[in-house]
Amino acid sequence: MRNSRRPAQLLLRWYASARRDLPWRRTRDPWCVLVSEIMLQQTRVSTVIPYYERFLARFPTPESLAAAPEDELLALWSGLGYYSRARNLKRAAEAITAQGGFPETAEAWRQLPGIGGYTAAAVASICFHEPCAVLDGNVARVMARFTAEPGDIASPGVRLRLKERAQALLDPRRPGDFNQAVMELGATLCLPRQPKCLLCPWRDLCQAHQRGIVDQLPVKAPRRQPERLELQLALIVDQGRLLLRRRDGDERRLAGFWELPSLEDLPSSRALRPLGRFRHSITHNHFEVEVWYGRLRRRPKGCHWHELDRIDSLPVGAMTRKAVALLQRVHSQKSPQFGTA
DNA sequence: AATCCGGGGGC
DNA sequence: GCCCCAGGATT
């Protein structure tokens, strides 16, 4: 009994001194914690922080989000990616509002849209002290090394085992701290490459470390190779307005988002001239983007004008942002009073 | 079980 | 370039 508690004690002692001061660690408000957990899905801490601050300033409660127009939400989420997270968060906020309060168990949280096993366990343990272990990428890696797990950590069977092992180690008196401590360990010491075992509180208990195979774990299946694609976009500007088209609402990705028309969409591209190019990767698609610039006599079918200085309030993907940023650079060169030259 | 969804930081 | 990130939904 005493022995099984030792790993948790070692970990929590380390966490007390090594934990980073992150915005969502300064509160136990379920709404703030939920927002952070959703944003942190497949997204790094440093990326999330500015989005988190802006989001909660605008939507401090589930009620405020439930009442908001979706476009405003998506504009605020723009650039963070995985936009179904935002749409599901709004639906969850609506459910919470309708229920008149937050769920209090992981099982109940799990019922909300966009909330899976990880997020449910995270919020329930941090905000409601439910003794349930989380399993995310960090915990999977830490536990795979701690127990020298030989299986592929992507396989459901292995993931279940890893979660059970985390559950067995969890300190039921401090489930939220324990969960965050394991993740902190994975994020700061037990790194995918070149882990800092010398600083690790579990060094002497870690099976992989004892066997000298830390750098061989965790085992992961090879991933599919990316596709290269070329894209030509048109940046049509007139009187401070930009020509955009809206993607269908049932598109697989970036549904309902505004984007630049491609060259093929335009009746004539003779008047356009090259402005620049850049690369942009979306999951396994690697785009080489060429941007053309100019004016058009008339508005093409399906396209709409938008004020250039109000693009920020539209749902717009990062690729479109990069292209528009290209334009800002040209403008500042043309207008010395706004540039440094 | 496989695939898809965005995007970016770090090496 | 490649890996992988406080995952979840869909097929």
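Chain letters run A, B, ... following the sequence lines, proteins first, then strands; residues in each count from 1.
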*Sub-6.0 Å ring centroid separation between A/F128 and A/F102*: no

A/A318 has its side chain closest, among B/dG7, B/dG6, C/dA6, to B/dG7

Nearest-nucleotide check on DNA chain B, A/Q194 vs A/S281; residue mapping nearer the 5' end is A/S281

Quick note, A/Y118 side chain, CB onward, closest among C/dG8, B/dC5, C/dA9 is C/dG8

Considering only heavy side-chain atoms of A/P156, the closest of B/dC5, B/dA1, B/dG10 is B/dA1

| said: So that I can tick it off, tell me whether A/R247 and A/E259 are bridged by a salt bridge, with the cut-off set at under 4.0 angstrom between side-chain N and carboxylate O. | reply: yes

Point to revise | Separation between the C1' atoms of B/dG8 and C/dA9, rounded to whole Å | key: 23 Å

Side-chain atoms of A/L254 come closest, of B/dG7, C/dA6, B/dC5, to B/dG7

Does the plane of the ring in A/W258 sit parallel, tilted or perpendicular to the ring in A/H306? Use 30° and 60° as the thresholds. perpendicular

**OP:** Given side chain to side chain donor-acceptor pair (under 3.5 Å), test A/Y118 with A/Q41 step by step and report yes or no.
**Re:** CA-CA 9 Å; A/Y118 164 77; A/Q41 290 170 8; over 6 Å; no

Of B/dT3, B/dG8, B/dG6, the nucleotide closest to the side chain of A/R224 is B/dT3

From CZ of A/R91 across to P of C/dG8 the rounded distance in Å is 15 Å

Note to self: Taking any heavy-atom pair under 4.0 Å as a contact, classify A/R279: base, sugar-phosphate, or nothing.
What the structure shows: nothing

Interatomic distance, CD1@A/I38 vs OG1@A/T119, rounded to 0.5 Å, equals 4.5 Å

Residues of residues 30-53 of chain A with a heavy atom under 4.0 Å from any atom of DNA chain C, listed by number, are A/E37, A/L40, A/Q41, A/Q42, A/R44, A/V45

Discussion item. Is the phosphate of C/dA9 approached by A/Y82 (side-chain N or O, under 4.0 Å from OP1 or OP2)?
Written reply: no

Taken to the nearest whole Å, CG/A/L80 to C1'/C/dG7 is 13 Å

Against the side chain of A/K322, the closest entry in C/dC5, B/dC5, B/dG8 is B/dG8

A/K90 NZ to C/dG8 C1', in whole Å, measures 20 Å

Closest of B/dG6, C/dA9, B/dC4 to the A/R252 side chain is B/dC4

In terms of heavy-atom contacts, A/Q210 and A/D204 come closest through NE2-O, 2.9 Å

By nearest-heavy-atom nucleotide on DNA chain C, the more 5' of A/E184 and A/L112 is A/E184

Atom CZ of A/F178 and atom P of C/dA6 are separated, to the nearest Å, by 17 Å

query = Does A/Y51 have A/R54 sitting over its ring (NZ/CZ under 6.0 Å from centre, angle to axis within 45°)?
reply = yes

Expected list for residues 13-24 of chain A near DNA chain C, using heavy atoms below 4.0 Å, is A/R20, A/L22, A/W24

Determine the contact category for A/H286: base if any of its heavy atoms lies under 4.0 Å from a base atom, sugar-phosphate if only primed atoms, P, OP1 or OP2 are that close, otherwise nothing. nothing

- Taking the C1' atom of each, how far is C/dC4 from B/dG6, in whole Å? 14 Å

note: A/I153, atom CD1; C/dC3, atom C1'; distance rounded to Å ~ 12 Å

Item to complete: Take the angle between the ring planes of A/W24 and A/Y52 and call it parallel below 30°, perpendicular above 60°, tilted in between.
Response: perpendicular

When rounded to whole Å, the CG to C1' distance for the pair A/N88 and C/dT10 reads 12 Å

Base, sugar-phosphate, or nothing: which does A/S155 touch, judged by heavy atoms less than 4.0 Å apart? nothing

A/R193 atom CZ is separated from B/dG9 atom P, nearest whole Å, by 16 Å

Practice item. With side chain to side chain donor-acceptor pair (under 3.5 Å) as the test, would you mind laying out the steps for A/R25 and A/Q180 before giving the verdict? Key: CA-CA 10 Å; A/R25 286 185 177 158; A/Q180 294 187 79; 3.2 Å; yes

Using Watson-Crick geometry (N1-N3 plus N6-O4 or O6-N4) or G-U wobble (N1-O2, O6-N3), each under 3.5 Å, B/dA2 is paired with C/dT10

note: A/W77, atom CH2; B/dG8, atom C1'; distance rounded to Å ~ 16 Å

Regarding A/R223, tell me which of base, sugar-phosphate or nothing describes its non-hydrogen contacts under 4.0 Å with the strands shown.
base

Is A/G186 touching bases, backbone alone, or none of the nucleic acid, heavy atoms closer than 4.0 Å?
nothing

Notebook entry, point to check: Can the ring centroids of A/W202 and A/H209 be said to lie less than 6.0 angstrom from one another?
Noted result: no

Should the pair A/R277-A/E288 be classified as a salt bridge under the 4.0 Å nitrogen-to-oxygen rule? yes

